[in-house]
Amino acid sequence: MAMASSLQFQYSTLFTIFFCLLPFSPLTLIHGTFSEDLPEAISLKRMQKTTHLHFYFHDIVSGPHPTVVKVANAKDKDPQAGGFGATFIMDDALTEGPDPRSKLVGRAQGLYAMASERFPPALLMAVNYEFTAGKYNGSSVTVLGRNPVMSDVREMPVVGGSGLFRLARGYALAHTVWLDLKTGDATVEYNVYVMHF
Ligand SMILES: *[C@@H]1O[C@H](CO)[C@@H](O)[C@H](O)[C@H]1NC(C)=O
């Protein structure tokens, strides 16, 4: 009897939480105001910290399971133009080691476009790096920047993030460790330094 009523209590508590409290939580409803000043900065209660992420990015253009698709063509076929205008969408695996079969830690989902009209080529990168392993599972960082692919190390800004990387800022250093000149398949090492709360 006591057990039954405590179960009943739990169900009714859950019912209250799901159907009565959640719909009116400040997350879901702000009474008709378009914007408001928050009394405290969102995250100043927590200290800003810096996280270093290290992973390998696998850009697979060829074969039966490419992780990149071309969605727009170059302006012209002039090789001097370096494919200017060509635009690609990717969903590339991120792994712990340079071997694509090593532990998957996330995916790079976004686009890159050939944005330099002249040699050497430079990509515009607009990419979300979503993590699926360990502590950062479900968190992501967003990179928006210039990627001069023929340079040894390319620096790109981290402009934001989500989850544990909310309000992130930082930079990513990309270094190509393997490139198949025939197919364009590549493995790129990333060192990312992220300041977040
Ligand atoms: C990551 O989170 C998802 C969704 O919460 C979960 O299904 C998955 O098992 C988690 N993966 C790891 C490696 O923790």
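Every number for a ligand or one of its atoms is a count from 1 in the order of the listing.
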Which word best sums up how the rings of [X] and [Y] line up, parallel for under 30°, tilted for 30 to 60°, or perpendicular for over 60°?
{"X": "His196", "Y": "Tyr136", "result": "perpendicular"}
{"X": "His54", "Y": "Tyr56", "result": "perpendicular"}
{"X": "Tyr193", "Y": "Tyr171", "result": "parallel"}
{"X": "Phe55", "Y": "Tyr190", "result": "parallel"}

field: Side-chain cluster (under 4.5 Å, hydrophobic types only) that Leu124 belongs to, other residues
entry: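 Grouped by the 4.5 Å side-chain rule, Leu144, Val159 form the rest of the cluster around Leu124.
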query: Salt bridge or not for Asp180 and Lys182, using N-O below 4.0 Å?
result: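 Salt bridge: no.
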task: Please list, by chain and number, the protein residues whose heavy atoms come under 4.0 Å of ligand 1.
output: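 Ligand 1 pocket, heavy atoms under 4.0 Å: Thr132, Asn137.
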